[in-house]
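A short worksheet on the structure shown next.
Chain naming here is simple, since letters A, B, ... match the order of the sequence lines and numbering starts at 1 in each. Here the structure is a predicted model, which means the values were calculated and not measured. What you see below is based on every heavy atom in this structure, not just the backbone, and it leaves out hydrogens, waters and symmetry mates.
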Amino acid sequence: MKRMPASLLAEHFGDLRTQRHAAQFGMWLFIVTEILMFGALFVLYATYAQANLADFRLAAGHNSLWRGTLNTYILVTSSFTAGLAVWAVQRDRRSLALRLLGLTIALGVVFLGIKASEYASHFEHGIYPGRHYAFDELMTRGAVLFFTIYYVLTGLHIVHLVIGLAVMLWLTRALRRGRFTAEYHAGLELGTMYWSLVDIIWLVIWPLFYLVR
Amino acid sequence: MARKISALQYLLGYVALLVLVTLNLGLSFLDLPNAGMTLTLVLAAATVVIVTLVFMHLLEHAPTIIVVALTSVFFLALLAGLMLLDVIARAPETQPAAYHDVMQERG
């Protein structure tokens, strides 16, 4: 049975539209903090790249281009399926939305699997962060810096992706229980926004660590 | 009533992302040392804009939210711009050891 919009309205809001706007506004403020945090790390990359450009190009050549690219297509596709899930709920097509959220989760898990295989390949070659770096083929200061920033950024991205997966699972459960309707589905919208943020971060990581060669 | 992003807009956004990602990948195989890096970053920025507008629903959000998003871009540009300006203009003189290799490469 569909819940009445009034039951979704918190008492301190006059109507659902204002409540939805406040939720979106809060989410964007959170996203801004995330952008500034990752932005600082990207600036750190640019700073070290400026001084060690040749080493950075050589080091990027030792990252797996096909794995990085495949993961880019996977995340872009997952943003599409997450966005379509919102579209489906807006049109009261709950079963379609559930399938799209399931697909989004599956794509996120595949991303993690590919990333894990890439990390394993790095470890086999002695490519570790910081002082543990032991890759004999490329033993330069710039390469150590490159792979240290690589682990920091991709590691932080994975943390965000895992949180995103937990959010997607929660959204699936909430949708199955009928908590999102065509009239009001701010929670689903905010959750998929977070998922797209994870996609955006990767869309900057990919060229910096895989394409600059 | 706020406008909603249509299925066609989602699809167009997705296709545009696939095209841009593929272009960026193709670019990495061309021998364009400096221009290539700039183009790569421009294409990456374009993909970020599409995801933000379509999949993060900025197209259908209220103007106040758009102001918040643009403010973050401004502060990020300020952070990156001032930092890089310092690195490019001053660091080679104040930290010559760190820039020794670069200066040698540039002759």
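Contacts between A/L208 and chain B at a heavy-atom distance below 4.5 Å involve the side chain alone, from C-beta outward. Heavy-atom distances place both the backbone and the side chain of A/Q24 under 4.5 Å from chain B. Interface residue B/L25: backbone and side-chain heavy atoms are both found under 4.5 Å from chain A. B/T22 touches chain A through backbone and side chain together, each having a heavy atom under 4.5 Å away.
Your options are B/V21, B/N24, B/D86, and the one with the most heavy-atom pairs under 4.5 Å with chain A is B/V21.
Taking both residues in full, the closest heavy atoms of B/I5 and A/W87 are given as O-CD1, 3.7 Å, listed atom of the first, atom of the second, then distance.
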Exercise for the section: Take A/M27 and B/H61 through the side-chain contact (heavy atoms from CB on, under 4.5 Å) test and state the conclusion after the steps. Expected result: CA-CA 12 Å; A/M27 186 65 191; B/H61 285 173; over 6 Å; no
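Between B/K4 and A/E189, none of the side-chain N atoms (NZ, or NE/NH1/NH2) sits under 4.0 Å from a carboxylate O, so this pair counts as no salt bridge.
Partner A/L211 forms a side chain to side chain contact (heavy atoms under 4.5 Å, CB included) with one of B/L43, B/L27, B/T40 and no other, that one being B/T40.
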Taking only distance into account, with no hydrogens and no angle test, what donor-acceptor pairs under 3.5 Å do side-chain atoms of residues 76-83 of chain A form with protein atoms, sequence neighbours excluded?
unit_1: A/T77; atom_1: OG1; unit_2: A/Y73; atom_2: O; d: 2.7
unit_1: A/T77; atom_1: OG1; unit_2: B/Y14; atom_2: OH; d: 2.8
unit_1: A/S78; atom_1: OG; unit_2: A/L75; atom_2: O; d: 2.7
unit_1: A/S78; atom_1: OG; unit_2: A/W195; atom_2: NE1; d: 2.7
unit_1: A/S79; atom_1: OG; unit_2: A/S196; atom_2: OG; d: 3.4
unit_1: A/S79; atom_1: OG; unit_2: A/D199; atom_2: OD2; d: 2.8
unit_1: A/T81; atom_1: OG1; unit_2: A/T77; atom_2: O; d: 3.4
unit_1: A/T81; atom_1: OG1; unit_2: A/S78; atom_2: O; d: 2.9
unit_1: A/T81; atom_1: OG1; unit_2: A/T104; atom_2: OG1; d: 2.8

Mind listing the side-chain donor-acceptor pairs of residues 45-58 of chain B below 3.5 Å, one per line with the distance, residues two or more places apart or on another chain?
unit_1: B/T47; atom_1: OG1; unit_2: B/A44; atom_2: O; d: 2.5
unit_1: B/T52; atom_1: OG1; unit_2: B/V48; atom_2: O; d: 2.7
unit_1: B/H57; atom_1: NE2; unit_2: B/Y10; atom_2: OH; d: 3.3

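In this structure the side chain of B/F29 reaches within 4.5 angstrom of the side chain of A/L65, judged on heavy atoms. In this structure, the side chains of B/I88 and A/Q50 come closer than 4.5 Å at one or more pairs of heavy atoms. The side-chain heavy atoms of B/L41 and A/V204, taken from C-beta on, include no pair separated by under 4.5 Å.
Every residue two or more places apart in sequence or in another chain that forms a side chain to side chain contact (heavy atoms under 4.5 Å, CB included) with B/A62 is listed here: A/H21, B/T64.
For A/R67, the CZ atom is densely surrounded, since the number of other residues' heavy atoms within 6.0 Å is greater than 12. Within 6.0 Å of atom OH in A/Y48, 12 or fewer heavy atoms from other residues, nucleotides or ligands are found, so the atom counts as exposed in its surroundings.
Rounded to the nearest 0.5 angstrom, A/W28 CH2 and B/S72 OG are separated by 7.0 Å.
Scanning residues 29-45 of chain A against chain B with a 4.5 Å heavy-atom cutoff picks out A/L29, A/I31, A/V32, A/I35, A/L36, A/G39, A/A40, A/V43, ordered by number.
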